Amino acid sequence: KEVETQQKLANVVILATGGTIAGAGASAANSATYQAAKVGIEQLIAGVPELSQLANVRGEQVMQIASESITNDNLLQLGRRVAELADSNDVDGIVITHGTDTLEETAYFLNLVEKTDKPIIVVGSMRPGTAMSADGMLNLYNAVAVASSKDARGKGVLVTMNDEIQSGRDVSKMINIKTEAFKSAWGPLGMVVEGKSYWFRLPAKRHTMDSEFDIKTIKSLPDVEIAYSYGNVSDTAYKALAQSGAKAIIHAGTGNGSVSSRVVPSLQALRKDGVHIIRSSHVNAGGFVLRNAEQPDDKYDWVVAHDLNPQKARILAMVALTKTNDSKELQRMFWEY
Ligand SMILES: NC(=O)CC[C@H](N)C(=O)O
């Protein structure tokens, strides 16, 4: 009987990259002061014995870092490993444990470049496993539950935090001290409760199987940088970023991606020199930047990031630039993904 249930269970691989979910603090009272990326994947899996009731789980330590230190090479390495596993007949779902600081970037990157309908779930935690009311155990349990569910197939890369199932495209870390840290401006796709998923909506944007991008054909990612905007901003950062070789600069703009009149002439000049200017917004609950609203994008040949926040706009710009250097094509991609 036990062998029978074992055979029916999905095969889920957990790729561990570090973060707070693998963090450790000096005492149980340390919910915010601790070291990230300390605990290995075998110990994490052993800490949640209930995982074995959900799936046949095995782990791989891909890296052991805090996610603010993830490089483009790390992203490519992780993306390639995910693709290899997704191609394998004996893998049904993939979970990636990740620091929460750049989790939304990795989730969106994988959502764009992985050609599979198998569930890919990115998960982290806000408190280390050593803390009281640590959230990592349940988040990981929920991630494995969703990764082993047939219902999660074809829905793009997902994030399970705080019992919610979020689209990897939309979700963002909104606050850094609460377990309720991850939100999407457009709401979660579903909930996971006691190992069962409940779905309410589907992503409308192109992803995974439906994407024109493929990790297998991406050799490297171009340099795309972000410049933050605020009152009294100067053009110094934009110029320096272009000079250091940025192929595109994400304008992390105020409001609806507005650009200071002090900066506009420099951005026009940079575009003439071949650097793409992509207008996004850094407003907290989710920006919404429209073409030719605030600035004449058609005239200046700039691109708008629409609802993508600056860090997600950077991910799409890098991936898009591996295919095209045409601003109209870039804009099409920013509408479609
Ligand atoms: N909650 C977290 O995971 C943050 C820890 C660390 N800064 C990271 O992103 O890896």
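In listed order, ligands and their atoms are each counted from 1. Predicted, not measured: the structure shown is a model, and the values here were computed from it. Residues: numbered from 1 along the sequence shown.
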So which of K272, Q331, R271, K328 actually passes side chain to side chain donor-acceptor pair (under 3.5 Å) with D301?
->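 The passing option is R271.
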From H98, R169, Q166, Q311, residue fulfilling side chain to side chain donor-acceptor pair (under 3.5 Å) relative to E104 |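 With E104 as partner, side chain to side chain donor-acceptor pair (under 3.5 Å) holds for just one option, Q311.
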Side-chain heavy-atom pair [X], [Y] within 4.5 angstrom cut-off:
X	Y	value
V289	H306	no
Q295	V264	yes
W199	L189	yes

Check each of R314, K312, H207 against Y108 using the side chain to side chain contact (heavy atoms under 4.5 Å, CB included) test, and report the only one that passes.
->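 So the option named by the test is K312.
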What residue and heavy atom of the protein are closest to [atom], and at what distance?
atom	result
atom 4 (C) of ligand 1	T20 OG1, 3.1 Å
atom 10 (O) of ligand 1	S67 N, 2.7 Å
atom 1 (N) of ligand 1	T100 OG1, 2.7 Å

Per-residue contact class, S125 against ligand 1 - non-hydrogen pairs under 4.0 Å |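 Only the backbone of S125 comes within reach of ligand 1.
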So is S69 close enough to ligand 1, meaning a heavy atom under 4.0 angstrom away?
->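 For ligand 1, residue contact (heavy atoms, under 4.0 Å) with S69 is absent.
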Short N/O distance, under 3.5 Å, between T102 and ligand 1?
->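 By distance alone, the answer is no.
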Test of proximity, E68 against ligand 1: N or O pairs below 3.5 Å =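 Between E68 and ligand 1, an N or O pair is found under 3.5 Å apart.
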